[in-house]
Amino acid sequence: MTPITEVAGRRLALSNLDKVLYPATGTTKGEVLHYYAATVAGALLTQLRDRPVSFLRYPDGPDGQRFFTKNPPPGTPSWVRTAPVPHHEDKQARQVVVEDLPSLMWAANLVVEFHTPQWRAGAPGIADRMVFDLDPGAPATVVECCAVALWLRERLAADGLCAYGKTSGSKGLHLLVPLEPAPSERVSAYAKELAVRAEQDLPGLVVHRMKRALRPGKVFVDFSQNAAAKTTATPYTLRARPEPTVSAPVTWAEIERCRTPGELVFPLGAMGARLERYGDLLGPLADPDRAGRLPAAR
């Protein structure tokens, strides 16, 4: 019988708590739920607030079936907020918006990665952040991504924009930039311009096109996630990887001194100490006073 737990006044059935989701580390579903509830809830909810969520579900762990869903799953409680979002052919659909601890724990119980767009539910297609997904092609690693991130930080700063870093939770690095609201098309165009410039300035290190044949040994600067229809792994989400790694915020000092890939791998067990030491490194993304204005088209 599935136990019923009360979370902030909401009754939740949290199932299969002893189930091992990550065999490589023996990490159970109960430990995953504890991570979300007790370790990162406050910081994660700040990043999820008012953003429609897409879920990558992996109910049997990373080695089992994985599937991506944007629609509210069957059985979504009536108290979980949903919001209308644009859909193809000028139609609208609805997606979940995780805005409180009960909603977070309901979603985490489904065993998911959280993915969110660069815009908020009240203003679809009007981005308040920009993202660069730095994806290394073997034998390049996150070490090379760090070198590219430093180049991007300098160019963004020259345009009055401040970048914040996080690991992808997989192989690469994400840079996030808080913006005064701007159309996703403009943000995408500016991000592409920087990606092209990065390839011009660092031709032995960077590619800005997705073509696989171009990518071995280089870092793909993926600007496409700024499109209104795209999403990015939400900061603090666990990833469906062999081990329970986190898309973890990192300091610029950590990026500057990274010399081996393992330096920027953070399992769920490391996040409590990191939050205690650094606080929410991505908190500024939610501060309107930190938002920069996108430069005029050049």
**Message:** side chain to side chain donor-acceptor pair (under 3.5 Å), that's the test. Do Asp222 and Ser224 meet it? Break it down for me.
**Reply:** CA-CA 6 Å; Asp222 185 359; Ser224 70; 2.6 Å; yes
**Item:** All pairs passing salt bridge (charged side-chain N to carboxylate O under 4.0 Å, His left out) where residues 39-55 contributes a residue, at least two apart
**Value:**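 Every pair satisfying salt bridge (charged side-chain N to carboxylate O under 4.0 Å, His left out) with a residue in residues 39-55: Asp50-Arg81, Arg51-Asp128.
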Go through the structure and list residues passing side-chain contact (heavy atoms from CB on, under 4.5 Å) with [X], not counting sequence neighbours.
{"X": "Val143", "result": "Thr141, Cys258, Pro261"}
{"X": "Pro136", "result": "Ala140, Cys145, Lys171"}
{"X": "Ala38", "result": "His34"}
{"X": "Gln65", "result": "Phe67"}

**Request:** Quick one: list whatever passes ring-ring contact (aromatic ring centres under 6.0 Å, His included) with His115, sequence neighbours left out.
**Result:**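 Listed in chain order: Phe68.
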Using side-chain hydrogen bond (donor to acceptor under 3.5 Å, both in side chains) as the criterion, list what pairs up with [X], not counting sequence neighbours.
{"X": "Gln225", "answer": "Asp133, Thr232"}
{"X": "Glu180", "answer": "Arg293"}
{"X": "Arg57", "answer": "none"}

**Message:** Side chains of Leu104 and Phe114, heavy atoms from C-beta outward: is any pair under 4.5 Å?
**Reply:**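 Heavy-atom side-chain distance check passes, below 4.5 Å.
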**Asked** With side chains defined as the heavy atoms from C-beta onward, is the minimum distance between Val32 and Val111 less than 4.5 Å?
**Response**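 No, their side chains stay 4.5 Å or more apart.
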Compare every heavy atom of [Y] with every heavy atom of [X], then report the nearest pair and how far apart it is.
{"X": "Leu173", "Y": "Lys166", "result": "CD1-O, 3.3 Å"}
{"X": "Pro178", "Y": "Leu285", "result": "CD-CD2, 3.6 Å"}
{"X": "Trp119", "Y": "Ile126", "result": "CB-O, 3.2 Å"}
{"X": "Ala286", "Y": "Pro288", "result": "O-CD, 3.4 Å"}

For residues 5-21, run the donor-acceptor check on the side chains, cut-off 3.5 Å, and write out each pair with its distance to 0.1 Å, sequence neighbours left out.
from	atom 1	to	atom 2	distance (Å)
Ser15	OG	Lys29	NZ	3.1
Lys19	NZ	Pro59	O	3.1
Lys19	NZ	Asp60	OD1	2.6

**Message:** Within this structure, what is the CG-OH distance for the pair Leu156 and Tyr190, rounded to the nearest 0.5 Å?
**Reply:**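 So the CG of Leu156 and the OH of Tyr190 are separated by 4.5 Å.
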**Partner residues of Arg66 under the salt bridge (Lys or Arg N to Asp or Glu O under 4.0 Å) criterion, sequence neighbours left out** =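 Expected list: none.
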**Pairs satisfying ring pair (Phe, Tyr, Trp, His ring centres under 6.0 Å), at least one member in residues 138-179, at least two apart** =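 Listed by first then second residue: nothing to list.
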**Item:** No-hydrogen, no-angle side-chain donor-acceptor test under 3.5 Å, Thr260 and Glu263
**Value:**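 Yes.
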